Amino acid sequence: MSGCKEEDSRIHSIRTTIRVVPNFPKPGIMFQDITTLLLDPKAFKNTVDLFVERYKQKNISVVAGIEARGFIFGPPIALAIGAKFVPLRKPRKLPGEVISEEYVLEYGTDCLEMHIGAVEPGECALVVDDLIATGGTLCAAMNLLERVGAEVVECACIIEIPELKGRERLKGKPLFTLLESH
Amino acid sequence: MAGVAAGGHLKPQIQRTIAQRCKRHEITISAYAAAPNSSSFRDLNQHLHLRKRDQPNRGGLFRQICHRPNRGGLFRQICHSAYSFNTKAEMASKDDKDQRLATIASTIRVIPDFPKPGIIFQDITTLLLNPKAFKDTIDLFVERYRGKDISVVAGIEARGFIFGPPIALAIGAKFVPMRKPNRLPGEVISEEYSLEYGKDIMEMHVGAVQAGEHVLVIDDLIATGGSLCAAIRLLERVGAEVVECACVIELPELKGRDRLGDKPLFVLVNAA
């Protein structure tokens, strides 16, 4: 029971430090802003700890973080579990040879890229982003990793927006999130 | 062999100096031989015999034990002992640091003609693929900044987001992302800065940093120093004090360091 209470208080500290900004980036969207979480060292540490506790010693050798907020949470997790960190980036940001995956936005398409050679076939990978909405970006990330023969063990986000049903878009891959936002 | 020699004493100030030196170098000295009427360091060098023991120095004063030829000079002995005591520890830690820096440098990949012809791009993604090198990178920064009263680590989008947060977490500071325009929600302040061709804008959240806070600015690399300068200006506009800028890589020919003016810059690797 006391274990549950500890968990609750850490989740509580994370929940209360996330700021909601209405009408960003456009009218009607309630934006979940994690920058205020980053201003609270204890809450930030709790966030990373909750993921690390789940993923250490699970034979995960790759943490892939989605640009740009996945770059904030992915590396501390990677460092703590001894995995490499692989940045998944917008087009033309990564130098050298890349593979690209196109994905659909509400209006139009976008593209995610990964370095060739960053991930070996058979490696177990975790995909990290701050938030899952429709799941389009996470899906593209998973596709990139699977195309080079890696196994995506799980996707991990701080926040899930359940109404947008992103979880269903992950082709059956598990999703772990700390909070839901309604 | 402990004992009291006949004759001779050390002037108190000389005793104090020797005691201070020994304390500073963590040498404990059990006994000394004092030259008769020794009043100068030169006399001491000629006449004193120093023995180093792991016994507590009794009261910081010296005992006279015997008259024996001084072997190699008191201060040289103190310094030598200090040197050999400290040097081993220093050398070990310096060797270890050099080793870590060598590993870090060896994992950085150079990509010619990116993003355009003529530019030699320093790619840190290969460093991130080496968990030891990545950890060493963070450790080297954390060792420098821990316990220095830094309450803010500001990281420049996007590669500063990779190195800044682990440092912030380790030193207990907040992490503040410095972003391209229109990425940060809510109220921001903006700073324009020059690129080689054209301009760019950097933004920071209003209220993220309080006046008087001590800030470390992080990016993966310093080239001309334009982005770092913009970050410094944003932080100073809200009354914060930028303590230092820290990068993994410096391109010294581009003289970014000079552009930072009075702000110190710390880097791990110089890329020629």
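Residue numbering restarts at 1 for every chain, and letters A, B, ... go by the order of the sequence lines. Treat the numbers as computed from the prediction; the structure is a model and nothing was measured.
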> Quick one: what part of A:Val48 sits under 4.5 Å from any heavy atom of chain B, side chain, backbone, both or neither?
Replying inline: side chain
> Crowded around B:Lys135 NZ? As in, over 12 foreign heavy atoms under 6.0 Å?
Replying inline: no
>> By the definition side chain to side chain contact (heavy atoms under 4.5 Å, CB included), identify the one residue from A:Val21, A:Ile29, A:Asn23 that meets it with B:Pro185.
In response: A:Val21
> Tell me, side chain or backbone of A:Phe44 under 4.5 Å from chain B's heavy atoms, or both, or neither?
Replying inline: both
>> How about NZ on B:Lys97, more than 12 heavy atoms from neighbouring residues, nucleotides or ligands closer than 6.0 Å, or not?
In response: no
> Hey, what do you get for CG (B:Leu128) to NE2 (A:His115), rounding to the nearest 0.5 Å?
Replying inline: 10.5 Å
>> Tell me whether the count of non-hydrogen atoms from other residues, nucleotides or ligands lying under 6.0 Å of NZ in B:Lys255 goes above 12.
In response: no
> Does anything in residues 65-95 of chain A get under 4.5 Å of chain B by heavy atoms, and if so which residues?
Replying inline: A:Glu67, A:Ala68, A:Arg69, A:Phe71, A:Ile72, A:Pro75, A:Pro76, A:Leu79, A:Gly82, A:Ala83, A:Lys84, A:Phe85, A:Val86, A:Pro87, A:Arg89, A:Arg92, A:Lys93, A:Leu94, A:Pro95
> Are there more than 12 heavy atoms of other residues, nucleotides or ligands under 6.0 Å from atom CG of B:Asp258?
Replying inline: yes
>> Quick check: under 4.5 Å, non-hydrogen atoms only, which of residues 104-123 of chain B neighbour chain A?
In response: B:Arg109, B:Ile111, B:Phe114, B:Phe121, B:Asp123
>> Taking atom CD as the centre, does B:Gln99 end up with more than 12 heavy-atom neighbours from other residues, nucleotides or ligands that are less than 6.0 angstrom away?
In response: no
> Near A:Lys165 NZ, under 6.0 Å, is it more than 12 heavy atoms from other residues, nucleotides or ligands?
Replying inline: no
>> With a 4.5 angstrom heavy-atom cut-off, is it the side chain or the backbone of B:Ile138 that approaches chain A, or both, or neither?
In response: side chain
> Mind checking which of residues 210-238 of chain B sit less than 4.5 Å from chain A, heavy atom to heavy atom?
Replying inline: none
>> Checking an interface table here. Which of residues 175-182 of chain B come within a heavy-atom distance under 4.5 Å of chain A?
In response: B:Phe175, B:Val176, B:Pro177, B:Arg179, B:Asn182
> Is A:Leu39 close to B:His205 at the side-chain level, that is, under 4.5 Å between some pair of heavy atoms?
Replying inline: no
